[in-house]
Amino acid sequence: MRTFEDFLQELELLDTFQQLGRMPDEKVPSAIVVVPKVAGHEERAGNNRPPLQAAKTAAVTSITIDPARAARIATMDWAELKAETAACTACGLCKQRKQAVFGVGAAPAPWLFVGEGPGAEEDEQGEPFVGQAGRLLDAVLAAAGLQRGREVYIANVVKCRPPGNRTPTLEEAAACAPLLDRQIELIQPKLIVALGKTAVIRLTGSDASMAAMRGSVHRYRDVPVVATYHPAYLLRSLTEKLKAWEDMMFARREMAKRGASGLENG
Ligand code: URA
Ligand code: SF4
């Protein structure tokens with residue numbers, strides 16, 4: 001398992017702590033930093049993204065569900081699901097994408113991390129979390145003793161890039177839901193980490209603040225879900241990075257409780 005020092009290094013926090021003249025206690029990192037909460041923080045899911053409210057107003061009433069499509073997708077195997085995603089035109093996000101970004105990792109996987117949607121670099125490369133937020137996610141994974149491409153699968157709520165990196169609307173998330181639902185069925189995760197509000201809303205149905213959601217276990221169908229901040233949001237402040245550390249420690253404990261594999265050193 002990585003030490004807290006490794007985590008700080010990867011999040012470029014090590015210098016800060018060394019300047020403070022002491023290292024934080026691994027178990028209670030937030031105890032040493034008291035930073036007042038900035039109102040409105042929870043509303044933002046990523047860098048340069050509009051507040052979630054803006055997207056939410058567009059939503060719910062206009063969702064048209066095609067039950068035949070959902071039923072078809074629900075029986076697909078992995079290869080069929082990938083092909084379906086690559087060719088999907090079920091919502092307007094297909095128009096400006098370079099490619100749909102299915103996910104990365106091998107299925108089945110004990111850990112599943114779910115983000116919001118591809119950004120520019122992800123759209124370009126076809127892999128989730130390869131840009132700046134991806135570097136942060138890799139550090140968050142390292143905090144939990146995990147590594148991309150091993151015991152972890154990484155996916156997004158929507159598979160196509162929202163123009164200008166805006167938050168996907170609930171309608172777009174709903175259009176993409178059959179694909180993610182089937183993907184989760186095939187991944188068979190023991191624990192899901194929801195990265196940011198878009199994923200929390202999609203997976204748990206709750207739009208409570210992140211502050212209220214983190215630190216407890218929620219459910220997606222039968223699968224336990226742990227909520228944490230979106231990696232892009234972690235770029236903003238030290239306190240949030242420390243909370244992400246706490247959330248990963250919580251997720252590790254939950255995974256260990258379930259006797260699941262997927263932790264580097266047991
Ligand atoms: N942000 C996300 O939510 N997902 C990605 O794949 C990249 C950035
Ligand atoms: Fe299809 Fe999802 Fe892309 Fe919309 S975001 S076109 S539903 S794959």
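In this text, all values refer to a predicted model and were calculated from it rather than measured experimentally. All ligand and atom numbering here is 1-based and tracks the order in the structure.
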If we only count N/O pairs under 3.5 Å, is Gly119 in contact with ligand 1? no
Which of the numbered atoms in ligand 1 are below 4.0 angstrom from a heavy atom of His230? 1 (N), 2 (C), 3 (O)
Suppose we only count N/O/S atoms under 2.8 Å; would Cys176 qualify as near atom 2 (Fe) of ligand 2? yes
Answer side chain, backbone, both or neither: which part of Glu116 comes under 4.0 Å from ligand 1, heavy atoms only. both
Would the distance check show the side chain of His218 and the main-chain N or O of Ala227 forming a donor-acceptor pair, the cut-off being under 3.5 Å? no
May I ask you to decide if Lys159's main-chain N or O and Asn156's side chain share a donor-acceptor pair within less than 3.5 Å? no
Could I get the full list of salt bridge (Lys or Arg N to Asp or Glu O under 4.0 Å) partners for Glu185, not counting sequence neighbours? Arg182, Arg221
Short list, please: which atoms of ligand 2 are under 4.0 Å from a heavy atom of Cys88? 1 (Fe), 6 (S), 7 (S), 8 (S)
Any heavy atom of Ala232 closer to ligand 1 than 4.0 angstrom? no
min-distance protein heavy atom vs atom 3 (Fe) of ligand 2 -> Cys160 SG, 2.3 Å
Distance filter under 4.0 Å to Gly115 heavy atoms, resulting ligand 1 atoms: 3 (O)
I need the atoms of ligand 2 closer than 4.0 Å to a non-hydrogen atom of Leu179, numbered in the order shown. 8 (S)
Tell me, with the steps shown, if Trp245 and Phe250 meet ring pair (Phe, Tyr, Trp, His ring centres under 6.0 Å). CA-CA 9 Å; Trp245 167 263; Phe250 178 69; over 10 Å; no
Short list, please: which atoms of ligand 2 are under 4.0 Å from a heavy atom of Ala175? 7 (S)
So how far is it from Asp181 CG to Leu186 CG, rounded to the nearest 0.5 Å? 11.0 Å
What distance do Tyr220 atom OH and Leu191 atom CG have between them, rounded to the nearest 0.5 Å? 14.5 Å
Check this for me, if you would: do Glu124 and Lys98 make a salt bridge, where the nitrogen-to-carboxylate-oxygen distance has to be below 4.0 angstrom? yes
Taking 4.0 angstrom as the limit and counting only heavy atoms of Cys94, give me the atoms of ligand 2 inside it, by number and element. 6 (S)
Nearest-0.5 Å distance, CG of residue Leu136 to NZ of residue Lys241: 6.0 Å
Give the atom numbers and elements of ligand 1 that come within less than 4.0 Å of a heavy atom of Pro128. 6 (O)
Nearest-0.5 Å distance, CD of residue Glu172 to CZ of residue Arg202: 14.0 Å
Residue and atom name of the nearest protein heavy atom (relative to atom 4 (Fe) of ligand 2), distance in Å to one decimal: Cys91 SG, 2.4 Å
Flag Ala133 as yes when one of its N or O atoms lies below 3.5 Å from any N or O atom of ligand 1, and as no otherwise. no
